[in-house]
Amino acid sequence: MPIYEYSCRTCGYRFEKVQKSGTEHETTCPNCDSAEVQKELSSFSTGASSSSACFSGG
Ligand SMILES: [Zn+2]
């Protein structure tokens with residue numbers, strides 16, 4: 001399941017939310033209950049960040 005990051009534009013609170021497949025409903029800030037939340041891009045591999053650690057297990 002994809003996890004999206006949200007940041008509240010009212011209080012600045014950042015939180016993550018798991019979005020079900022094809023299900024997108026209103027997201028509100030769990031801190032101030034405001035609907036002014038900004039969906040942030042997940043921290044996927046978009047930049048040039050080299051890592052030595054291997055993720056694949058054996
Ligand atoms: Zn908030």
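Atoms considered below: every heavy atom in the structure, side chains included; atoms not considered: hydrogens, waters and symmetry mates. Both ligands and their constituent atoms are indexed starting at 1 by order of listing.
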Find out whether Cys32 and Cys8 are in side-chain contact, i.e. whether some heavy atom of one side chain is under 4.5 Å from a heavy atom of the other.
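They are in side-chain contact.
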
Looking at every heavy atom in both Thr28 and Val37, which two are closest together, and how far apart are they?
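Looking at all heavy atoms of both residues, the shortest contact is C-CG1, 4.2 Å.
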
Does a side chain donor of either Glu40 or Ser7 reach within less than 3.5 Å of an acceptor in the other side chain?
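Side-chain D/A pair, Glu40 to Ser7: present.
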
The test is side chain to side chain contact (heavy atoms under 4.5 Å, CB included); show your working for Cys11 and Ser34 and say whether it passes.
CA-CA 9 Å; Cys11 69; Ser34 175; over 6 Å; no

Cys29 versus Tyr13, closest heavy-atom pair with distance
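In terms of heavy atoms, the two residues are closest at SG-CB, 4.0 Å.
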
Measure from NZ or CZ of Lys17 to the centre of the six-membered ring of Tyr6, then state whether that distance is under 6.0 Å and the direction lies within 45° of the axis.
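Not satisfied by the 6.0 Å and 45° rule.
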
Using 2.8 Å as the cut-off, count the protein N, O or S atoms closer than that to the Zn ion (ligand 1).
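Atoms of protein N, O or S type lying less than 2.8 Å from the Zn ion (ligand 1) total 4.
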
